[in-house]
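Right, one structure below, let's go through it.
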Amino acid sequence: MTAELKKIETKVGRGERLSPDDAMIMFESDDLLAIGELAASVNHRRNGDQVYFNVNRHINYTNICVNQCTFCAFHRKSEDQDGSYTLALQEIQQRAQQASESGATEIHMVGGLHPELPFDFYPQMLKTIKAADPALHIKAFTAVEIDYFAKLTNLPVSDLVSTLRQAGLDSLPGGGAEIFAPAVRQQICPEKISGERWLEIMETVHRIGLKTNATMLFGHIESFQDRVDHLTRLRDLQDRTGGFQAFIPLPFQPENSKLMNARGAGGVDSLKTLAISRLYLDNFRHLKAYWVMLGLKVAQVALCFGVNDLDGTVVEEKIGHEAGATSPQELGRAQLVALIRAAGKIAVERDTLYRTVRAG
Ligand code: V47
């Protein structure tokens with residue numbers, strides 16, 4: 001181990017917070033195993049050998065979007081474009097019903113910023129899901145959608161979120177964060193809300209009392225410095241609110257996007273980014289390896305690099321798969337349990353708020 005990594009190891013051992021320079025040293029280091037081992041030890045102290053997963057179902061209600069993010073292969077400009085769709089409330093009801101019958105505890109629902117849907121459609125979707133099964137936890141709408149709805153209704157974010165909460169919204173997923181640094185954002189998602197606005201919305205949502213997640217899209221045109229800046233801003237907000245449950249680094253999938261020539265993230269970069277996230281985000285309890293984007297094998301190995309959550313059964317995934325993800329569409333509960341056990345860990349089915357549903 002280099003002297004610089006040794007210093008970081010000493011800091012971690014003393015429970016001292018790592019600096020942005022420490023994070024840069026780790027991103028620039030080739031010693032993946034030393035960083036991974038350190039992250040695994042921190043995770044073990046915090047979460048033991050338990051690895052969480054949940055039984056969930058994704059619903060992407062529309063792929064029509066006024067934003068044209070260059071990394072995204074999912075969106076369509078308008079109804080006239082090939083492959084565009086918007087789900088009817090009845091289809092949403094059927095999907096929620098199926099999810100409930102197959103033992104799901106969570107619906108993860110996000111979509112494009114549709115230019116024509118009236119605001120009322122969104123609370124209706126939430127009510128439709130709760131009508132299918134009131135016990136389903138609805139984790140829906142990224143901060144980007146929340147901002148869009150606030151503009152649509154002219155409501156302050158806090159009132160808007162309260163309205164959605166009354167209709168059934170239980171928590172928010174972590175999407176739309178991408179990379180906060182403005183120069184990168186300008187190139188990969190010029191129409192999207194700024195990083196500052198994303199953080200401001202999350203802060204408001206946390207203060208209302210709802211939990212959220214946070215993501216970072218990496219392996220495209222961003223620098224290590226941009227990643228460290230992103231992690232630092234998340235850590236600062238978490239210090240203020242404690243409202244983030246899990247951090248989910250998302251490795252960029254380049255196919256069918258306008259960023260097809262960007263490098264994508266390999267296995268080493270993905271594992272190192274996960275491990276550094278565990279070490280740097282000392283105030284995030286949960287670190288999720290999203291198997292859809294990482295692939296099953298890297299996600300499984302990530303359990304030895306500081307990760308304590310494998311996300312869920314998912315069932316129908318569009319955002320990663322339209323961009324070339326080669327993972328399956330769906331994992332069964334038994335498959336998730338087997339993946340976790342084969343890594344020498346204890347599988348625990350959780351609900352969205354990390355309460356144990358069933359061990360093993
Ligand atoms: O916001 C879009 C990303 C996100 C690509 O909170 C891409 O529990 C890689 O946020 N390659 C949506 N990533 C997914 C997401 C998520 C997933 C699982 C769990 C949770 C959670 C959140 O996917 C988008 C964007 O950042 N994305 N296109 C792509 N080509």
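Atom set for the values below is all heavy atoms of this structure, side chains included, hydrogens, waters and symmetry mates excluded. Positions are given from 1 along the sequence.
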Exercise for review: Under the side chain to side chain contact (heavy atoms under 4.5 Å, CB included) rule, what do Leu250 and Met216 come out as? Steps first, then yes or no, please.
Suggested key: CA-CA 6 Å; Leu250 298 168; Met216 172 174 77; over 6 Å; no
Point to revise | Min side-chain heavy-atom separation Phe252-Phe218 under 4.5 Å | key: no
**Study point:** Ion pair Glu106/Arg57, N-O distance below 4.0 Å
**Key:** no
**Study point:** Value rounded to 0.5 Å, distance of NZ in Lys77 from SG in Cys65
**Key:** 12.0 Å
Exercise for review: Look only at the side chain of Gln335 and the backbone of Gly332, and say whether a donor-acceptor pair between them is shorter than 3.5 Å.
Suggested key: yes
Review point. Salt bridge check: are Arg227 and Asp269 linked by an N-O gap of less than 4.0 Å?
Key: yes
Revision key, fill the gap. Nearest heavy-atom contact between Ala289 and Ala302 is CB-CB, 4.1 Å
Study note, to complete from the structure: For Arg233 and Pro182, the nearest pair of non-hydrogen atoms, with its separation, is NH2-CD, 4.1 Å
Point to revise | Lys130/Asp170 salt bridge by N-O under 4.0 Å criterion | key: yes
**Study point:** Ser78 and Gln81 side chains, donor-acceptor separation under 3.5 Å
**Key:** no
Check your understanding: Is His230 reaching over with its side chain to a backbone N or O of Gln225, donor-acceptor style, under 3.5 angstrom?
Key -> no
Exercise for review: Please answer: with hydrophobic residues joined when any side-chain heavy atoms are less than 4.5 Å apart, are Ile201 and Leu113 in the same cluster?
Suggested key: yes
Study note, to complete from the structure: Taken to the nearest 0.5 Å, the spacing of Phe74 CZ from Asn256 CG works out to 13.5 Å
Study note, to complete from the structure: Looking only at heavy atoms, the pair that brings Val298 and Gly267 closest together is CG2-CA, 4.4 Å
Point to revise | Flag for Asn283-Gln238: side-chain donor and acceptor within less than 3.5 Å | key: no
Revision key, fill the gap. d(Thr2 OG1, Ile25 CD1) to nearest 0.5 Å is 8.0 Å
Check your understanding: Given the rule that I, L, V, M, F, W and Y join up when any side-chain heavy atoms are under 4.5 Å apart, are Ile64 and Leu152 in one cluster?
Key -> no
Revision key, fill the gap. Scanning both residues in full, the closest heavy-atom pair of Thr232 with Pro20 reads OG1-CG, 4.3 Å
Point to revise | Spacing of Ile107 atom CD1 and Leu136 atom CG [to the nearest 0.5 Å] | key: 5.0 Å
Exercise answer: donor-acceptor pairs, residues 156-168 side-chain atoms, under 3.5 Å, sequence neighbours excluded:
unit_1, atom_1, unit_2, atom_2, d
Ser162, OG, Ser158, O, 2.9
Thr163, OG1, Asp159, O, 2.9
Arg165, NH1, Ile208, O, 3.2

Study note, to complete from the structure: Separation between CZ (Arg341) and CD1 (Ile346), nearest 0.5 Å, reads 10.0 Å
Point to revise | Backbone of Leu287 reached by a side-chain donor or acceptor of Asn308 within 3.5 Å | key: yes
**Study point:** Exam field: side chain Glu222 to backbone Gly219, donor-acceptor pair closer than 3.5 Å
**Key:** yes
**Study point:** Main-chain N/O of Ile188 paired with Thr70 side-chain donor or acceptor, under 3.5 Å
**Key:** yes
Review point. With under 30° as parallel and over 60° as perpendicular, where do the rings of Phe284 and Phe244 fit, or are they tilted in between?
Key: parallel
Check your understanding: Short question: side chain of Lys211, backbone of Leu172 - any donor-acceptor pair under 3.5 Å?
Key -> no
Point to revise | Close side-chain approach of Phe180 and Leu199, heavy atoms under 4.5 Å | key: yes
Study note, to complete from the structure: Sorted by chain and number, sequence neighbours left out, side chain to side chain contact (heavy atoms under 4.5 Å, CB included) with Glu200 holds for Arg197
**Study point:** Min side-chain heavy-atom separation Glu349-Arg358 under 4.5 Å
**Key:** yes
Review point. Salt bridge between Lys6 and Glu4, side-chain N to carboxylate O under 4.0 Å?
Key: no
Check your understanding: Got a donor-acceptor contact below 3.5 angstrom from the Gln68 side chain to the Cys189 backbone?
Key -> no
Study note, to complete from the structure: Which of Arg17, Arg46, Arg14 passes salt bridge (charged side-chain N to carboxylate O under 4.0 Å, His left out) with Asp282? It is Arg17
**Study point:** Gln329 side chain reached by Val315 side chain, heavy atoms, under 4.5 Å
**Key:** no
**Study point:** Cation-pi, Tyr280 ring and Arg235 (6.0 angstrom, 45 degrees)
**Key:** yes
Check your understanding: Is the closest basic N to carboxylate O distance between Asp147 and Lys151 below 4.0 Å?
Key -> yes
Practice item. Please lay out, stage by stage, how Glu178 and Arg185 fare under the test salt bridge (Lys or Arg N to Asp or Glu O under 4.0 Å). Key: CA-CA 8 Å; Glu178 323 313 356; Arg185 237 173 152 77; 5.8 Å; no
Check your understanding: Are the side chain of Trp291 and the backbone N or O of Gly312 linked by a donor-acceptor pair below 3.5 Å?
Key -> yes
**Study point:** Quiz item: cation-pi between Lys288 and Phe53, 6.0 Å / 45°
**Key:** no
Practice item. Taking Asn67 for its side chain and Cys69 for its backbone only, find out whether a donor-acceptor pair lies under 3.5 Å. Key: no
Check your understanding: Can you check whether Leu89 reaches Phe121 side chain to side chain, under 4.5 Å on heavy atoms?
Key -> yes
Review point. Got Leu294 and Leu274 here, is their nearest side-chain heavy-atom distance under 4.5 Å?
Key: yes
Check your understanding: Are Asp22 and Lys11 side-chain neighbours, meaning at least one heavy-atom pair lies under 4.5 Å?
Key -> yes
Point to revise | Pairwise side-chain contact, Leu5 with Met26, heavy-atom cut-off 4.5 Å (strictly under) | key: yes
Check your understanding: Does the ring center of Tyr354 lie less than 6.0 Å from the ring center of His286?
Key -> yes
Practice item. Ignoring hydrogens and angles, state whether a donor on the side chain of His137 or Ser171 is under 3.5 Å from an acceptor on the partner side chain. Key: yes
Review point. Is it true that atom CD of Glu28 has more than 12 heavy atoms of other residues, nucleotides or ligands lying nearer than 6.0 Å?
Key: yes
Practice item. Before accepting this row, confirm whether a basic side-chain N of the pair Arg76/Glu322 lies closer than 4.0 Å to the acidic partner's carboxylate O. Key: yes
Exercise for review: Enter the distance from Thr352:OG1 to Asn56:CG here, rounded to the nearest 0.5 Å.
Suggested key: 8.0 Å
Review point. Near Gln97 CD, under 6.0 Å, is it more than 12 heavy atoms from other residues, nucleotides or ligands?
Key: yes
Check your understanding: Taking the six-membered ring for Trp, are Tyr122 and Phe141 parallel (under 30°), tilted (30 to 60°) or perpendicular (over 60°)?
Key -> perpendicular
Point to revise | Exam field: side chain Thr62 to backbone Gly111, donor-acceptor pair closer than 3.5 Å | key: no
Practice item. Take Phe247 and Thr215 through the side chain to side chain contact (heavy atoms under 4.5 Å, CB included) test and state the conclusion after the steps. Key: CA-CA 6 Å; Phe247 178 60; Thr215 58; 5.6 Å; no
Point to revise | side chain to side chain contact (heavy atoms under 4.5 Å, CB included) between His321 and Ser327, intermediate numbers included | key: CA-CA 8 Å; His321 285 91; Ser327 53; 3.4 Å; yes
Check your understanding: Would you call Lys7 and Asp21 a salt bridge, taking side-chain N to carboxylate O under 4.0 Å as the test?
Key -> no
